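So the structure is just underneath, and the comments pick up after that.
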Amino acid sequence: MENDPTFPSVERTLSVMLTFACSAECRDCGTISSPRNRHNLAIADVLRGLDEAARLQFHNVVFTGGEATLRWGELLIAIRHATALGLPTRLVTNAHWAKSLDDADARLGVLLEAGLKEINFSTGDEHVRFVPLDHVINAAVATVRQGLTAYIMVELRSEPLVTRKSILSHRLVEQLPLSLQALIKPSESPWMPLDPGRVASYPEGIAATKENLSNCLGCDSVLQTYVMQADGRIGACCGLGMRMIKELNVGRVEGSNFLEGAIRDAGDDFLKIWLRYKGPEKILAWAAKHDPEIKWEGMYGHRCQACIRLYRDARVRRVIARSGLEMMPEVIQSAWLQEQYIPSKLSGKAVP
Amino acid sequence: MSTGVHLSDHKRLVLHTTGLGRRIKELFDALSRNDELQNTFIESPIEVIGSEILGINYTKEQASAVNRFIFSVLANKDLQKWATDYDKANVGKTVIPEQRFKDLAQAFIKFGDPTLMEALLQSAASGADIPGLVKAALIVKAESVAIGNWFIYKVSGRLLGDEDVVLPAVQVQRIAEQLVARAQQLRSGGEI
(Lines give C-alpha, C1' and ligand atoms only; values in the text may rest on other atoms or scores of the structure.)
Protein backbone atom coordinates (compact mmCIF):
# COMPACT_ATOMS: atom_id res chain seq x y z
CA MET A 1 0.00 0.00 0.00
CA GLU A 2 1.24 3.43 -0.78
CA ASN A 3 1.97 5.37 2.38
CA ASP A 4 1.03 2.27 4.32
CA PRO A 5 1.64 3.15 7.98
CA THR A 6 1.65 -0.49 9.06
CA PHE A 7 4.10 -3.34 8.94
CA PRO A 8 4.72 -5.34 6.86
CA SER A 9 4.20 -3.39 3.67
CA VAL A 10 2.86 -6.23 1.56
CA GLU A 11 0.28 -6.66 -1.13
CA ARG A 12 -2.61 -7.86 0.97
CA THR A 13 -5.30 -10.32 0.08
CA LEU A 14 -8.84 -10.22 1.36
CA SER A 15 -10.26 -13.70 1.64
CA VAL A 16 -14.03 -13.97 1.95
CA MET A 17 -15.73 -17.04 3.35
CA LEU A 18 -19.32 -16.44 2.34
CA THR A 19 -20.30 -19.63 4.12
CA PHE A 20 -18.87 -22.51 6.12
CA ALA A 21 -21.37 -24.80 4.41
CA CYS A 22 -19.85 -27.22 1.95
CA SER A 23 -21.12 -29.95 -0.33
CA ALA A 24 -18.31 -32.15 1.01
CA GLU A 25 -17.49 -33.23 4.52
CA CYS A 26 -13.80 -34.15 4.37
CA ARG A 27 -12.15 -35.65 7.41
CA ASP A 28 -9.83 -33.08 8.99
CA CYS A 29 -11.21 -30.26 6.88
CA GLY A 30 -9.05 -27.30 7.77
CA THR A 31 -11.95 -24.89 7.77
CA ILE A 32 -14.24 -27.34 9.59
CA SER A 33 -16.78 -26.94 6.82
CA SER A 34 -19.61 -29.37 6.22
CA PRO A 35 -23.12 -29.53 4.75
CA ARG A 36 -24.47 -29.02 8.26
CA ASN A 37 -22.53 -25.85 9.05
CA ARG A 38 -24.87 -22.95 8.35
CA HIS A 39 -22.74 -19.93 9.23
CA ASN A 40 -23.13 -17.29 6.52
CA LEU A 41 -21.77 -13.80 6.08
CA ALA A 42 -24.39 -11.19 5.28
CA ILE A 43 -23.87 -9.82 1.81
CA ALA A 44 -24.04 -6.25 3.15
CA ASP A 45 -21.03 -7.04 5.38
CA VAL A 46 -19.18 -8.59 2.46
CA LEU A 47 -19.71 -5.47 0.37
CA ARG A 48 -18.51 -3.25 3.23
CA GLY A 49 -15.39 -5.38 3.53
CA LEU A 50 -14.74 -5.08 -0.18
CA ASP A 51 -15.15 -1.32 0.01
CA GLU A 52 -12.64 -1.11 2.84
CA ALA A 53 -10.22 -3.45 1.09
CA ALA A 54 -10.31 -1.20 -1.95
CA ARG A 55 -9.70 1.86 0.20
CA LEU A 56 -6.75 0.13 1.88
CA GLN A 57 -5.42 -0.84 -1.56
CA PHE A 58 -5.61 -4.59 -1.07
CA HIS A 59 -4.08 -6.52 -3.93
CA ASN A 60 -6.88 -9.01 -4.59
CA VAL A 61 -9.90 -10.85 -3.23
CA VAL A 62 -10.33 -14.60 -2.84
CA PHE A 63 -13.71 -16.25 -2.36
CA THR A 64 -13.33 -19.47 -0.47
CA GLY A 65 -15.13 -21.36 2.22
CA GLY A 66 -16.91 -23.63 2.79
CA GLU A 67 -18.09 -23.85 -0.77
CA ALA A 68 -18.70 -20.30 -1.93
CA THR A 69 -20.77 -21.38 -4.92
CA LEU A 70 -23.47 -22.66 -2.56
CA ARG A 71 -24.34 -18.98 -2.20
CA TRP A 72 -24.34 -18.44 -5.91
CA GLY A 73 -26.34 -15.21 -6.09
CA GLU A 74 -24.38 -13.47 -3.35
CA LEU A 75 -21.11 -14.72 -4.83
CA LEU A 76 -21.91 -13.09 -8.15
CA ILE A 77 -22.92 -9.84 -6.45
CA ALA A 78 -19.65 -9.81 -4.52
CA ILE A 79 -17.51 -10.60 -7.58
CA ARG A 80 -19.22 -7.82 -9.54
CA HIS A 81 -18.75 -5.38 -6.67
CA ALA A 82 -15.07 -6.22 -6.26
CA THR A 83 -14.55 -5.94 -10.00
CA ALA A 84 -16.19 -2.54 -10.06
CA LEU A 85 -13.80 -1.47 -7.29
CA GLY A 86 -10.82 -2.63 -9.36
CA LEU A 87 -10.05 -5.63 -7.15
CA PRO A 88 -9.08 -8.82 -9.04
CA THR A 89 -10.99 -11.87 -7.80
CA ARG A 90 -10.23 -15.56 -7.41
CA LEU A 91 -12.59 -18.40 -6.54
CA VAL A 92 -11.59 -21.56 -4.67
CA THR A 93 -14.11 -24.34 -5.25
CA ASN A 94 -14.48 -28.11 -5.16
CA ALA A 95 -16.22 -28.01 -8.57
CA HIS A 96 -19.32 -29.88 -7.36
CA TRP A 97 -21.27 -27.80 -9.86
CA ALA A 98 -19.42 -29.16 -12.91
CA LYS A 99 -21.40 -32.35 -13.36
CA SER A 100 -20.88 -32.21 -17.11
CA LEU A 101 -18.80 -30.19 -19.50
CA ASP A 102 -21.91 -28.23 -20.45
CA ASP A 103 -22.64 -27.45 -16.81
CA ALA A 104 -19.05 -26.40 -16.32
CA ASP A 105 -19.08 -24.14 -19.36
CA ALA A 106 -22.33 -22.50 -18.30
CA ARG A 107 -21.32 -21.82 -14.70
CA LEU A 108 -17.87 -20.65 -15.61
CA GLY A 109 -19.31 -18.31 -18.23
CA VAL A 110 -21.44 -16.59 -15.60
CA LEU A 111 -18.51 -16.26 -13.21
CA LEU A 112 -16.30 -14.76 -15.89
CA GLU A 113 -19.04 -12.42 -16.98
CA ALA A 114 -19.21 -11.19 -13.39
CA GLY A 115 -15.51 -10.41 -13.55
CA LEU A 116 -13.80 -13.46 -12.02
CA LYS A 117 -10.11 -13.49 -12.93
CA GLU A 118 -8.84 -16.78 -11.52
CA ILE A 119 -10.24 -20.10 -10.35
CA ASN A 120 -8.67 -22.79 -8.17
CA PHE A 121 -10.01 -26.28 -7.59
CA SER A 122 -9.58 -28.51 -4.57
CA THR A 123 -9.53 -32.28 -4.82
CA GLY A 124 -7.84 -35.38 -3.48
CA ASP A 125 -8.72 -38.65 -1.81
CA GLU A 126 -10.93 -36.97 0.79
CA HIS A 127 -12.67 -34.63 -1.62
CA VAL A 128 -13.54 -37.34 -4.14
CA ARG A 129 -15.60 -39.14 -1.52
CA PHE A 130 -18.09 -36.33 -2.07
CA VAL A 131 -17.20 -34.68 -5.40
CA PRO A 132 -16.09 -37.03 -8.19
CA LEU A 133 -12.80 -36.23 -9.82
CA ASP A 134 -14.62 -36.03 -13.15
CA HIS A 135 -16.34 -32.86 -11.95
CA VAL A 136 -12.99 -31.23 -11.25
CA ILE A 137 -11.73 -32.32 -14.65
CA ASN A 138 -14.85 -30.91 -16.34
CA ALA A 139 -14.34 -27.60 -14.60
CA ALA A 140 -10.63 -27.52 -15.36
CA VAL A 141 -11.21 -28.30 -19.03
CA ALA A 142 -13.84 -25.56 -19.26
CA THR A 143 -11.42 -23.18 -17.56
CA VAL A 144 -8.53 -23.73 -19.93
CA ARG A 145 -10.83 -23.56 -22.93
CA GLN A 146 -11.53 -20.02 -21.79
CA GLY A 147 -7.80 -19.35 -21.88
CA LEU A 148 -7.43 -19.29 -18.10
CA THR A 149 -5.08 -21.41 -16.05
CA ALA A 150 -6.78 -24.13 -13.99
CA TYR A 151 -4.96 -24.43 -10.68
CA ILE A 152 -5.82 -27.69 -8.93
CA MET A 153 -4.78 -28.29 -5.34
CA VAL A 154 -4.42 -32.00 -4.64
CA GLU A 155 -4.20 -33.54 -1.18
CA LEU A 156 -0.81 -35.16 -0.74
CA ARG A 157 -0.82 -38.32 1.32
CA SER A 158 1.13 -41.47 1.51
CA GLU A 159 -0.01 -43.71 -1.36
CA PRO A 160 -2.78 -41.43 -2.64
CA LEU A 161 -5.28 -42.45 -5.33
CA VAL A 162 -5.80 -38.96 -6.70
CA THR A 163 -2.50 -37.44 -7.74
CA ARG A 164 -1.08 -34.81 -10.02
CA LYS A 165 -0.28 -37.59 -12.44
CA SER A 166 -3.77 -39.08 -12.39
CA ILE A 167 -5.20 -35.67 -13.23
CA LEU A 168 -2.83 -34.98 -16.09
CA SER A 169 -3.43 -38.44 -17.52
CA HIS A 170 -7.23 -38.14 -17.35
CA ARG A 171 -8.87 -38.90 -20.68
CA LEU A 172 -10.45 -35.45 -21.05
CA VAL A 173 -7.18 -33.73 -20.29
CA GLU A 174 -5.20 -35.82 -22.73
CA GLN A 175 -7.72 -35.00 -25.46
CA LEU A 176 -6.94 -31.31 -25.11
CA PRO A 177 -4.40 -29.64 -27.41
CA LEU A 178 -0.99 -29.54 -25.74
CA SER A 179 -1.20 -25.77 -25.39
CA LEU A 180 -4.33 -26.15 -23.25
CA GLN A 181 -3.01 -29.15 -21.32
CA ALA A 182 -0.17 -26.88 -20.22
CA LEU A 183 -2.71 -24.59 -18.58
CA ILE A 184 -3.86 -27.33 -16.20
CA LYS A 185 -1.62 -27.02 -13.19
CA PRO A 186 -2.17 -29.56 -10.42
CA SER A 187 -0.18 -28.97 -7.27
CA GLU A 188 0.13 -31.47 -4.44
CA SER A 189 -0.06 -30.16 -0.91
CA PRO A 190 0.21 -32.26 2.25
CA TRP A 191 -3.10 -33.13 3.90
CA MET A 192 -2.90 -32.66 7.61
CA PRO A 193 -4.63 -33.91 10.72
CA LEU A 194 -6.10 -31.06 12.74
CA ASP A 195 -4.80 -32.62 15.95
CA PRO A 196 -1.21 -31.36 16.38
CA GLY A 197 -0.37 -34.49 18.34
CA ARG A 198 -1.36 -36.83 15.55
CA VAL A 199 1.33 -37.68 13.02
CA ALA A 200 0.20 -38.32 9.48
CA SER A 201 2.08 -40.49 7.03
CA TYR A 202 3.85 -38.49 4.32
CA PRO A 203 6.25 -39.37 1.53
CA GLU A 204 9.85 -39.32 2.69
CA GLY A 205 11.40 -35.90 3.04
CA ILE A 206 8.12 -34.02 3.42
CA ALA A 207 7.94 -33.73 7.20
CA ALA A 208 10.25 -31.15 8.80
CA THR A 209 13.41 -32.36 10.53
CA LYS A 210 16.69 -30.77 11.57
CA GLU A 211 18.16 -31.89 8.27
CA ASN A 212 15.63 -30.12 6.09
CA LEU A 213 14.80 -27.25 8.45
CA SER A 214 16.73 -24.85 6.27
CA ASN A 215 14.16 -25.51 3.55
CA CYS A 216 11.38 -24.23 5.78
CA LEU A 217 10.65 -20.64 4.93
CA GLY A 218 8.60 -18.04 6.70
CA CYS A 219 4.83 -18.17 6.43
CA ASP A 220 3.95 -15.72 3.69
CA SER A 221 0.26 -15.91 4.47
CA VAL A 222 0.20 -14.52 7.99
CA LEU A 223 -0.14 -10.72 8.02
CA GLN A 224 -0.72 -10.84 4.25
CA THR A 225 -4.13 -12.47 4.00
CA TYR A 226 -7.05 -11.24 6.06
CA VAL A 227 -10.10 -13.45 6.11
CA MET A 228 -13.69 -12.45 6.64
CA GLN A 229 -15.00 -15.72 8.02
CA ALA A 230 -18.58 -16.87 7.79
CA ASP A 231 -19.01 -16.54 11.55
CA GLY A 232 -17.92 -12.88 11.47
CA ARG A 233 -14.39 -13.32 12.79
CA ILE A 234 -11.44 -11.83 10.91
CA GLY A 235 -8.45 -14.10 10.47
CA ALA A 236 -4.89 -12.90 9.98
CA CYS A 237 -3.81 -15.72 7.65
CA CYS A 238 -5.29 -18.03 5.06
CA GLY A 239 -4.18 -21.02 7.07
CA LEU A 240 -6.04 -24.17 7.77
CA GLY A 241 -5.60 -23.73 11.50
CA MET A 242 -7.26 -20.36 11.54
CA ARG A 243 -10.53 -21.67 12.87
CA MET A 244 -8.74 -23.58 15.60
CA ILE A 245 -6.32 -20.91 16.77
CA LYS A 246 -8.04 -18.04 18.45
CA GLU A 247 -4.88 -15.93 18.38
CA LEU A 248 -5.01 -15.86 14.59
CA ASN A 249 -8.36 -14.13 14.79
CA VAL A 250 -7.81 -10.42 15.09
CA GLY A 251 -11.18 -8.79 14.90
CA ARG A 252 -14.80 -9.07 13.92
CA VAL A 253 -16.83 -7.87 10.98
CA GLU A 254 -18.44 -5.13 12.97
CA GLY A 255 -18.62 -1.37 12.83
CA SER A 256 -16.51 0.67 10.46
CA ASN A 257 -12.89 0.13 9.44
CA PHE A 258 -12.79 -3.41 10.80
CA LEU A 259 -10.04 -4.44 8.38
CA GLU A 260 -7.82 -1.54 9.33
CA GLY A 261 -8.23 -2.39 13.01
CA ALA A 262 -7.43 -6.04 12.33
CA ILE A 263 -4.27 -5.16 10.42
CA ARG A 264 -3.07 -2.90 13.21
CA ASP A 265 -3.81 -5.46 15.91
CA ALA A 266 -2.09 -8.29 14.05
CA GLY A 267 0.98 -6.20 13.27
CA ASP A 268 1.53 -5.45 16.94
CA ASP A 269 1.94 -9.15 17.77
CA PHE A 270 5.58 -10.14 17.53
CA LEU A 271 4.68 -13.83 17.34
CA LYS A 272 2.86 -13.29 14.06
CA ILE A 273 5.83 -11.34 12.72
CA TRP A 274 8.07 -14.20 13.81
CA LEU A 275 5.85 -16.69 12.00
CA ARG A 276 5.96 -14.59 8.89
CA TYR A 277 9.73 -14.39 8.68
CA LYS A 278 10.80 -17.74 10.19
CA GLY A 279 7.83 -20.08 9.92
CA PRO A 280 6.31 -22.42 12.52
CA GLU A 281 8.82 -25.24 12.04
CA LYS A 282 11.77 -23.06 13.05
CA ILE A 283 9.85 -21.72 16.01
CA LEU A 284 9.22 -25.28 17.17
CA ALA A 285 12.90 -26.10 16.67
CA TRP A 286 13.86 -23.01 18.64
CA ALA A 287 11.45 -23.93 21.43
CA ALA A 288 12.91 -27.43 21.55
CA LYS A 289 16.34 -25.95 22.24
CA HIS A 290 14.86 -24.32 25.33
CA ASP A 291 12.88 -27.39 26.34
CA PRO A 292 14.28 -30.69 25.09
CA GLU A 293 11.01 -32.42 25.97
CA ILE A 294 9.45 -30.70 22.97
CA LYS A 295 9.56 -33.21 20.12
CA TRP A 296 8.82 -31.99 16.63
CA GLU A 297 11.05 -33.70 14.08
CA GLY A 298 9.32 -35.80 11.47
CA MET A 299 5.88 -34.84 12.73
CA TYR A 300 4.75 -32.07 10.43
CA GLY A 301 4.37 -32.25 6.68
CA HIS A 302 1.90 -29.39 6.67
CA ARG A 303 3.08 -26.20 8.25
CA CYS A 304 -0.38 -25.24 9.44
CA GLN A 305 -0.33 -28.29 11.69
CA ALA A 306 3.03 -27.14 13.06
CA CYS A 307 1.46 -23.74 13.64
CA ILE A 308 -1.45 -25.30 15.54
CA ARG A 309 1.10 -27.18 17.63
CA LEU A 310 3.03 -24.10 18.67
CA TYR A 311 -0.17 -22.29 19.63
CA ARG A 312 -1.74 -25.19 21.48
CA ASP A 313 1.06 -27.22 23.05
CA ALA A 314 1.41 -26.11 26.65
CA ARG A 315 5.19 -26.61 26.67
CA VAL A 316 5.78 -24.67 23.48
CA ARG A 317 3.47 -21.91 24.60
CA ARG A 318 5.36 -21.64 27.86
CA VAL A 319 8.72 -21.27 26.13
CA ILE A 320 7.39 -18.70 23.67
CA ALA A 321 5.71 -16.65 26.37
CA ARG A 322 8.83 -16.71 28.54
CA SER A 323 11.61 -16.29 25.99
CA GLY A 324 10.09 -15.38 22.65
CA LEU A 325 11.05 -11.73 22.70
CA GLU A 326 14.72 -12.66 22.67
CA MET A 327 14.21 -13.39 18.99
CA MET A 328 13.02 -9.92 18.16
CA PRO A 329 16.32 -8.47 16.90
CA GLU A 330 16.96 -11.48 14.71
CA VAL A 331 13.47 -11.60 13.26
CA ILE A 332 13.18 -7.89 12.55
CA GLN A 333 16.58 -7.92 10.98
CA SER A 334 15.48 -10.83 8.80
CA ALA A 335 12.43 -8.86 7.80
CA TRP A 336 14.51 -5.88 6.80
CA LEU A 337 17.03 -7.96 4.93
CA GLN A 338 14.29 -9.79 3.07
CA GLU A 339 12.14 -6.83 2.28
CA GLN A 340 14.65 -4.07 1.71
CA TYR A 341 18.32 -4.86 1.90
CA ILE A 342 18.65 -8.00 -0.20
CA PRO A 343 16.22 -6.83 -2.91
CA SER A 344 18.17 -3.60 -3.17
CA LYS A 345 21.45 -5.53 -3.52
CA LEU A 346 20.03 -7.93 -6.06
CA SER A 347 18.63 -5.14 -8.15
CA GLY A 348 21.79 -3.11 -7.79
CA LYS A 349 19.78 -0.19 -6.49
CA ALA A 350 20.12 1.66 -3.27
CA VAL A 351 17.75 0.76 -0.47
CA PRO A 352 14.58 2.70 -1.28
CA MET B 1 0.04 -42.20 15.19
CA SER B 2 -0.62 -40.04 18.20
CA THR B 3 1.95 -38.42 20.44
CA GLY B 4 1.75 -37.09 23.96
CA VAL B 5 1.30 -33.45 23.10
CA HIS B 6 -0.53 -31.72 25.91
CA LEU B 7 -2.85 -29.09 24.58
CA SER B 8 -3.63 -25.92 26.37
CA ASP B 9 -5.13 -22.71 25.09
CA HIS B 10 -6.81 -21.08 28.03
CA LYS B 11 -4.89 -17.84 27.49
CA ARG B 12 -4.20 -16.05 24.24
CA LEU B 13 -0.61 -16.50 23.18
CA VAL B 14 0.34 -13.14 21.77
CA LEU B 15 3.57 -11.19 22.19
CA HIS B 16 1.78 -7.91 21.93
CA THR B 17 3.56 -4.59 21.98
CA THR B 18 1.34 -1.63 21.32
CA GLY B 19 2.52 0.20 18.22
CA LEU B 20 5.06 -2.50 17.34
CA GLY B 21 4.10 -2.66 13.68
CA ARG B 22 4.17 1.11 13.33
CA ARG B 23 7.57 1.34 15.03
CA ILE B 24 9.08 -1.35 12.84
CA LYS B 25 7.79 0.47 9.80
CA GLU B 26 9.31 3.70 11.11
CA LEU B 27 12.60 1.90 11.74
CA PHE B 28 12.67 0.60 8.18
CA ASP B 29 11.95 4.06 6.87
CA ALA B 30 14.76 5.44 9.01
CA LEU B 31 17.11 2.72 7.79
CA SER B 32 16.37 3.62 4.21
CA ARG B 33 17.43 7.21 4.87
CA ASN B 34 20.37 6.71 7.19
CA ASP B 35 23.46 4.81 6.05
CA GLU B 36 25.04 4.94 9.47
CA LEU B 37 21.99 3.42 11.14
CA GLN B 38 21.86 0.83 8.38
CA ASN B 39 25.43 -0.19 9.07
CA THR B 40 24.77 -0.37 12.78
CA PHE B 41 21.71 -2.48 12.15
CA ILE B 42 23.68 -4.84 9.96
CA GLU B 43 26.48 -5.13 12.43
CA SER B 44 24.42 -5.17 15.56
CA PRO B 45 20.65 -5.40 15.18
CA ILE B 46 20.18 -6.08 18.83
CA GLU B 47 21.42 -2.59 19.65
CA VAL B 48 19.11 -0.93 17.16
CA ILE B 49 16.07 -3.03 17.99
CA GLY B 50 16.76 -2.57 21.65
CA SER B 51 16.81 1.17 21.51
CA GLU B 52 14.43 1.86 18.61
CA ILE B 53 11.77 -0.77 19.17
CA LEU B 54 11.94 -2.04 22.70
CA GLY B 55 13.48 0.88 24.48
CA ILE B 56 16.06 -1.44 26.03
CA ASN B 57 19.78 -0.79 26.02
CA TYR B 58 21.80 -3.95 25.70
CA THR B 59 25.32 -4.15 27.01
CA LYS B 60 28.15 -3.78 24.56
CA GLU B 61 29.11 -7.34 25.28
CA GLN B 62 25.67 -8.63 24.45
CA ALA B 63 25.49 -6.55 21.33
CA SER B 64 28.87 -7.50 20.03
CA ALA B 65 28.10 -11.17 20.46
CA VAL B 66 25.27 -10.89 18.00
CA ASN B 67 26.11 -11.06 14.35
CA ARG B 68 29.85 -11.37 14.59
CA PHE B 69 29.91 -14.51 12.58
CA ILE B 70 27.64 -13.52 9.82
CA PHE B 71 28.68 -10.01 9.33
CA SER B 72 32.29 -10.88 9.29
CA VAL B 73 31.25 -12.78 6.20
CA LEU B 74 29.17 -9.98 4.76
CA ALA B 75 31.93 -7.47 5.16
CA ASN B 76 34.68 -9.77 4.00
CA LYS B 77 36.26 -8.48 0.80
CA ASP B 78 38.34 -11.62 0.39
CA LEU B 79 35.26 -13.79 0.39
CA GLN B 80 33.50 -11.53 -2.05
CA LYS B 81 36.52 -11.66 -4.34
CA TRP B 82 36.64 -15.42 -3.96
CA ALA B 83 33.01 -15.64 -5.07
CA THR B 84 33.62 -13.50 -8.11
CA ASP B 85 36.72 -15.49 -9.07
CA TYR B 86 34.89 -18.75 -8.47
CA ASP B 87 32.17 -17.70 -10.87
CA LYS B 88 34.67 -16.72 -13.51
CA ALA B 89 36.68 -19.89 -13.08
CA ASN B 90 33.63 -22.06 -13.55
CA VAL B 91 31.97 -20.36 -16.47
CA GLY B 92 30.71 -23.04 -18.81
CA LYS B 93 31.63 -25.84 -16.44
CA THR B 94 29.29 -28.20 -14.66
CA VAL B 95 30.04 -28.04 -10.98
CA ILE B 96 27.95 -30.49 -9.03
CA PRO B 97 26.09 -29.00 -6.08
CA GLU B 98 28.02 -31.09 -3.57
CA GLN B 99 31.30 -29.70 -4.81
CA ARG B 100 29.96 -26.16 -4.88
CA PHE B 101 28.77 -26.42 -1.30
CA LYS B 102 32.07 -27.87 -0.25
CA ASP B 103 34.02 -25.15 -2.01
CA LEU B 104 31.90 -22.45 -0.48
CA ALA B 105 32.11 -23.97 2.98
CA GLN B 106 35.87 -24.10 2.68
CA ALA B 107 35.90 -20.51 1.54
CA PHE B 108 33.90 -19.53 4.60
CA ILE B 109 36.48 -21.11 6.81
CA LYS B 110 39.36 -19.65 4.86
CA PHE B 111 38.06 -16.12 4.59
CA GLY B 112 35.10 -15.77 6.90
CA ASP B 113 36.52 -15.60 10.39
CA PRO B 114 37.64 -19.17 11.00
CA THR B 115 37.42 -18.93 14.76
CA LEU B 116 33.74 -18.21 14.72
CA MET B 117 33.04 -20.67 11.95
CA GLU B 118 34.79 -23.40 13.84
CA ALA B 119 32.90 -22.56 16.99
CA LEU B 120 29.65 -22.67 15.12
CA LEU B 121 30.35 -25.94 13.41
CA GLN B 122 31.73 -27.63 16.48
CA SER B 123 28.74 -26.55 18.45
CA ALA B 124 26.29 -27.77 15.84
CA ALA B 125 28.08 -31.08 15.38
CA SER B 126 28.56 -31.95 19.00
CA GLY B 127 25.46 -30.46 20.52
CA ALA B 128 27.71 -29.00 23.19
CA ASP B 129 26.53 -25.89 24.87
CA ILE B 130 28.21 -22.54 24.46
CA PRO B 131 27.16 -20.32 27.28
CA GLY B 132 24.53 -17.69 26.85
CA LEU B 133 24.17 -15.28 24.08
CA VAL B 134 27.21 -16.33 22.14
CA LYS B 135 25.61 -19.62 21.25
CA ALA B 136 22.31 -17.96 20.46
CA ALA B 137 24.03 -15.42 18.30
CA LEU B 138 26.04 -17.95 16.40
CA ILE B 139 23.24 -20.39 15.78
CA VAL B 140 20.66 -17.76 15.12
CA LYS B 141 22.82 -15.88 12.73
CA ALA B 142 24.04 -18.98 11.00
CA GLU B 143 20.46 -19.92 10.27
CA SER B 144 19.47 -16.49 9.21
CA VAL B 145 19.62 -14.31 6.26
CA ALA B 146 22.79 -12.56 6.77
CA ILE B 147 24.86 -14.75 4.53
CA GLY B 148 22.35 -13.84 1.93
CA ASN B 149 24.55 -11.25 0.39
CA TRP B 150 24.97 -10.86 -3.28
CA PHE B 151 27.76 -13.42 -3.52
CA ILE B 152 25.49 -16.15 -2.23
CA TYR B 153 23.11 -15.29 -5.00
CA LYS B 154 25.89 -15.33 -7.52
CA VAL B 155 27.38 -18.58 -6.34
CA SER B 156 24.37 -20.52 -5.28
CA GLY B 157 21.70 -19.17 -7.55
CA ARG B 158 23.06 -21.39 -10.27
CA LEU B 159 22.29 -24.44 -8.23
CA LEU B 160 18.73 -23.83 -9.21
CA GLY B 161 19.69 -24.18 -12.83
CA ASP B 162 18.39 -20.86 -13.95
CA GLU B 163 21.10 -18.29 -14.36
CA ASP B 164 18.83 -15.58 -15.60
CA VAL B 165 16.33 -15.46 -12.80
CA VAL B 166 16.85 -12.83 -10.16
CA LEU B 167 15.96 -14.63 -6.99
CA PRO B 168 13.57 -13.04 -4.58
CA ALA B 169 15.01 -12.26 -1.22
CA VAL B 170 13.34 -15.18 0.44
CA GLN B 171 15.06 -17.56 -1.94
CA VAL B 172 18.39 -16.01 -1.12
CA GLN B 173 17.68 -16.58 2.53
CA ARG B 174 16.74 -20.17 1.85
CA ILE B 175 19.94 -20.78 -0.06
CA ALA B 176 21.97 -19.16 2.66
CA GLU B 177 20.41 -21.44 5.23
CA GLN B 178 20.99 -24.48 3.06
CA LEU B 179 24.61 -23.53 2.70
CA VAL B 180 25.11 -23.32 6.41
CA ALA B 181 23.26 -26.57 7.02
CA ARG B 182 25.39 -28.25 4.41
CA ALA B 183 28.54 -26.81 5.91
CA GLN B 184 27.48 -28.25 9.25
CA GLN B 185 26.94 -31.66 7.69
CA LEU B 186 30.29 -31.58 5.97
CA ARG B 187 32.02 -30.55 9.14
CA SER B 188 30.34 -33.20 11.25
CA GLY B 189 31.32 -35.76 8.64
CA GLY B 190 34.92 -34.63 8.86
CA GLU B 191 34.97 -33.48 5.26
CA ILE B 192 36.01 -29.93 6.02
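Everything numeric in this text was worked out from a predicted model, so none of it was measured. In what follows, chains carry the letters A, B, and so on, assigned in the order in which the sequence lines appear, proteins first and then strands, with residues in each chain numbered from 1.
Checking side-chain atoms of E247(A) against main-chain N and O of L13(B) turns up a donor-acceptor pair under 3.5 Å. Under the 3.5 Å distance criterion, the side-chain polar atoms of D269(A) are matched with a main-chain donor or acceptor of L15(B).
In this structure, CG on L271(A) lies 12.5 Å from NE2 on H16(B), to the nearest 0.5 angstrom. Here the CZ-CG distance, from F270(A) to L20(B), works out to 8.0 Å after rounding to the nearest 0.5 Å.
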Determine, step by step, whether I332(A) and F28(B) satisfy the side chain to side chain contact (heavy atoms under 4.5 Å, CB included) criterion, reporting the C-alpha distance in whole Å, the side-chain angles of both residues, the deciding distance to 0.1 Å, and the verdict.
CA-CA 10 Å; I332(A) 296 178; F28(B) 285 12; 3.9 Å; yes
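Per-residue counts of heavy-atom pairs under 4.5 Å with chain B were compared for I320(A), D220(A), V331(A); the largest is that of I320(A).
Contact of I273(A) with chain B is made through the side chain alone, with heavy-atom distances under 4.5 Å.
Looking only at side-chain heavy atoms (C-beta outward), R22(B) and D268(A) stay at 4.5 Å or farther from each other.
R12(B) and N249(A) get closest at one heavy-atom pair: NH1-O, 3.8 Å.
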